[in-house]
Each structure stands twice: as structure tokens, then as C-alpha cells.
Participant: 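My questions all concern the structure below.
Here is how names work: the chains are called A, B, and so on, in the same order as the sequence lines, proteins then strands, and each is numbered from 1. Nothing here was measured: the structure is a model prediction, and the numbers come from that model.
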Amino acid sequence: MTAPRTTAVATVDDVTMRFRGHTALDAVTTAVEQDSITGLLGRNGAGKTTMMQLLTGHRVPTSGRIEVFGAQPYENDDVLRRTCFIKEGQRYPDHFRVQDALGAAAMVFPEWDDDLAASLLRDFDLPVKRPVKKLSRGMTSAVGIIIGLASRAPFTLFDEPYLGLDAVARQLFYDRLLADYAEHPRTIMLSTHLIEEIAPLLERVLLIDRGRVLLDADTESLRGSAVTVTGPVGAVQAFARQHDPLHTETLAGSSRAVVRIGGAADRRAAAEQGLTVEPTSLQQLVVAMSLQTPATRAPIHPVDLEEVSS
Amino acid sequence: MNRVLRAGRMHLVHPLVILGIPWLVVGISFAINVAVWHLTPAGEDDGGFSGGILALYITVLVVYVQAVTQLLPFSMGISLSRRTFYLGTALVAAAQALLYGLSIAVLVAIENATDGWGAGLSFWAPGVFEVDDVFLQILASGAPMLAFMSVGIGIGIVHQRWGQTGTWGLMIGTLVFFGGLAILISLLEAWRTVGDWFADQSTLALTAGLPLAIAAVVALISYPGIRRVVP
């Protein structure tokens, strides 16, 4: 077990965000621990972007209270100067070249590191004199990543920052993020769908689904909190009934189930019952928990896919 | 305050856009007018003037619409508050209006010294906008500029906050408002009163006071709008 942390950079207290006819976040309460990397996970439309918009003052919650560095972030320059929010599809002015965008960011972030920005530019092989508008999708994402890392903002949020980035560039991003985080610890929140890739980086996981928190834990304690068992249908069902089954697949008399367990003793018990026991990866756990929702946790609501701009 | 200055500086990245384009447009307008005035007897009537300088004011308005629609989403992307962006933009607008007023005042002086560019052309300060004093000329040319900028910023904010629908709504609403006002004045048979009121105002009140009032009112109305923009 890691030592209990007491300091939170951001707190979300009973926050609800409602758009016309659509609740994006529903009574969410959580805290973002200082000097940690948190993965904000969830399906499309789960409320991840809304959560980040609230934490960075881009939106104001319908009800509840958001505090970042002890104050509400909305229109609060004192909070915002210590916050950097890199989002998918950030718009850059048409006439801004890569160097103009980085220059502007360098002006406003007090902790900005020019050397880091320069070395990242080399890593991602970006043409500094080309207008951002003329860059490919992946290169535009790289501009955002450079701003996010070089800002060294005490609270840095990346909302699916890898759009269009190839696998090599994504690995570069993870490596550079981890290296710089080790030297300059800060609070980082990342939303992503590439859970498998990012899992080694994460210290905490916040999983939301349909605007509700499903999971809010550190990855250390999540490891071993669930197992994947395989075996005859009857044996799997018997084991699952004793614990907390999340998701079961059955094929030709054989079942495979993701089951939440209490600890190593349960794992041994499964093996003794003749089941094949494998560890459950973070991605499998997230998928199993998200899939479980409509059937067992709550009555099915039609998903409102209409994007409401208000 | 420091961040406000930095937000202002962001407008001056590639100053050709904000400074160059309006002067290019008005330069072409000016060249056409000088040519026409030389080729036709337009300048022979006393008080012959051209409205060509309006091109400068309208181009500046468009530049400020774009300053908001282009720069606001990026400013918020690098953690500037809406208020900081707004104040930085207002600062740049005020400085630019002053600079443009000064430039126009110099051009008016040259115009008067050369008998209207040798053709009796009154281009840079047409009609009521020409005042006798150089310093007052800065005000008479610069204040309307500030009003156009303020309206441009306001239109940009409406677009960012309410999108295309908002922009159309603003245009239709403005048309209905002024159309309704015209009908009301007609019904009251008050056109003469309105005309008299304008005639009674001093040149300075019309060229500087009224534009500055418009600039201030539009700025006050658009501020609550920018506070609710979501990038």
C-alpha cells in the first residue's frame, strides 16, 4: 500500500452538469491528488471532457462546487496560470506558425521551459515556421503535447491528446511525459481510450460512465482486485456467485468471467476449484465495469447523442 | 495586469494582418479616388468629398471580428481568462485607434496643404469629420475608429458565444431595431426634430462624443457575453 495522501490539487464536490435535456455529470465527487498521474477513463460521451472543462474554468457546473488550488477556477487568473489544459481539436489562429503558438504559450506560463520545448520539437520533428493550420492531424496534436509538457504547469490536463499520432510518436509522448514528471513532479490528468498503452503511467484511475463515477482508486490497489477465470460454465458460475462478477462470456460449455475478488486467498480458491486464473488488465477491468452498467447497475436510458452547444 | 499586456501582445503576432490589410484596402480606395478626381470634374464643386475612407473603418471592424473568433479559443487554450483576453484586446484597440487617428490627421494636413492632392479631393476627413485643429482631428478620426473596433469585437463575441445562429440573429435584430425606429420616427412625424438635434450638436460631439459613447455602450453589452464563451 502507498502512504495515504492528504493533499488534493483539485476537489470536485457533488458536481452536476446539465445541458438541455442531457445530464453530462451527475453528482460527481472526487479529488485529484497532488503530484500524481490520473487516468480519466470512460466511454465516448461518459463526461470526461465536461469534467476537464469544469476543472479548468471553461464551464461552470449547474450545481456543486469545484476547487482548484483552493479556489474556483472560473475566470480566476491566479488558478489558471498554474493550469494547462490541452484538448483534442484545439483551434489555432489561421496565421499562427508553430513558433508563434509556442511563443504565446511561453509568454503566459510562468514555469515554461524553452529547452524542453526545443528538444520536444526535435523529437516530434516539427517544422517551426509552418502555419499550424497546414500541419497534419498528428503534427497538430504534437504541438499541443509540446505546449502541455513545456508549460510545466502544476496542474496539467490532456484530453485525448494523441489524435492522429502514430504509435512511435505516442510512445515518445509517454516516455517524455514520464521522464519530465520524474524530474519535475506535478499533477497530471489524462483522458484516453488507449488504456493498454497508458496503464503503466497511471498512478490513479478515475472511471466515469454516463456522468457517474464507477471507479476512483489508485492503480496499486486495483492490481489484483479482479481476476479473469476460465473453465466449465458450472464451475465459473459457482466461483462468480461467491464474489462480484463483472462480465461473463460463454462459448460451447466453457465460460470466461471477470470477477472482482477480495485478495490473493480468493485467487487461490479459484485455482483450487479447477479454474484457469489470469490477472485482469486495467483495460479489461474498465471494459467489464463499463459494460456491466446498463444490465445490472441502472435501468437503461437512451443515450442522447446530440451535442448541445450552450 | 501583466497577463493583460501579454494577451494584447498576442494580437501583434504577424502585425501585417492587423495593421497591413486595412491600409492596403484604404490605399487602393484612395488611389482610385485620386485617379477619378483627376480624370473628372468631381473636385470642382465646392466641398466635393469622397466616402472612400469608410473602407478603412469597415476593414478594421472585420479585422476585430476575426481577432475575437481566431484568438479567443487559442487564448483560452493557453489558460488566459476571458476577462484577460477582453482587456488585452481593448487595450490594443485603444492604442490602434489613437495611432490611426494620428496617421489620418497627418494625411488630412497633407491633403489640405496640397489642395486635395491637386484635384480638390477631400478623402481622409470627408464632410463633418474635418476639424480645423490637428489634435482635434486625431480625436475626430480616431474616435469613430474605436467605435468600429468595439462593434467588431461585439460581433466576434456573439459569434463565439452563440455561433452562426447568433450572428444571423444579431443582423436581423439590428435591422428590425433600426427599421422599427425609422417607422416610429415617421409615425411621430419627428424626422425634422431628429435632424435639428443632429444639426444642433457641435462637430466634436458628433465626431468624437457620439462614437466614444457607442464604443463604450457596445463594450459594456458584450462583456457579459464573453464571460460565457466556451471554447
Participant: For A/Ala153, which atoms come within 4.5 Å of any heavy atom of chain B: side chain, backbone, both, or neither?
Facilitator: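 A/Ala153 has no heavy atom closer than 4.5 Å to chain B.
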Participant: For the interface with chain A, which of B/Ala7, B/Ser81, B/Pro231 has the highest count of heavy-atom pairs at distances below 4.5 Å?
Facilitator: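 The option with the most such pairs is B/Ser81.
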Participant: A/Val60 versus chain B, heavy atoms under 4.5 Å apart: side chain, backbone, both or neither?
Facilitator: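 Only the side chain of A/Val60 comes within 4.5 Å of chain B.
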Participant: A/Val79, A/Thr83, A/Asp94: which one forms the most heavy-atom pairs within less than 4.5 Å of chain B?
Facilitator: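 Among A/Val79, A/Thr83, A/Asp94, the one with the most close pairs to chain B is A/Asp94.
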Participant: Checking an interface table here. Which of residues 96-108 of chain B come within a heavy-atom distance under 4.5 Å of chain A?
Facilitator: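 Counting heavy atoms that sit under 4.5 Å from chain A, no residue of residues 96-108 of chain B is involved.
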Participant: Could you look at A/Glu75 and say if it's the side chain, the backbone, both or neither that has a heavy atom under 4.5 Å from chain B?
Facilitator: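 Looking at A/Glu75, backbone and side chain both touch chain B.
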Participant: Between B/Gln137 (side chain only) and B/Phe129 (backbone N and O only), is there a donor and an acceptor less than 3.5 Å apart?
Facilitator: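 Checking the backbone N and O of B/Phe129 against the side chain of B/Gln137, a donor-acceptor pair under 3.5 Å is found.
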Participant: Without hydrogens or angle criteria, can the side chains of B/Glu130 and B/Asn112 be said to hold a donor-acceptor pair below 3.5 Å?
Facilitator: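 Distance-only check passes for B/Glu130 and B/Asn112.
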Participant: With A/Arg82 as the cation and A/Phe69 as the aromatic partner, state whether NZ or CZ is under 6.0 Å from the six-membered ring centre and within 45° of the axis.
Facilitator: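 The answer is yes; both the distance and angle limits are met.
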Participant: Tell me if the aromatic rings of A/Tyr162 and A/His193 count as close, with their centers under 6.0 Å from one another.
Facilitator: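 When the ring centroids of A/Tyr162 and A/His193 are compared, they turn out to be at least 6.0 Å apart.
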Participant: Does any part of the side chain of A/Leu54, heavy atoms only, come nearer than 4.5 Å to the side chain of A/Leu25, both counted from C-beta?
Facilitator: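 Of all side-chain heavy-atom pairs linking A/Leu54 with A/Leu25, at least one is under 4.5 Å.
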Participant: Can we call the ring centroids of A/Phe85 and A/Phe158 under 6.0 Å apart?
Facilitator: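 No; A/Phe158 has its ring centre 6.0 Å or more from that of A/Phe85.
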Participant: For the side chain of B/Arg82 and the backbone of A/His58, is there at least one donor-acceptor N/O pair under 3.5 Å apart?
Facilitator: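 Yes; judged by distance alone, with no hydrogens or angles, the pair exists.
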Participant: Is the shortest side-chain N to carboxylate O distance from A/Arg18 to A/Asp26 below 4.0 Å?
Facilitator: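 A/Asp26 and A/Arg18: not salt-bridged.
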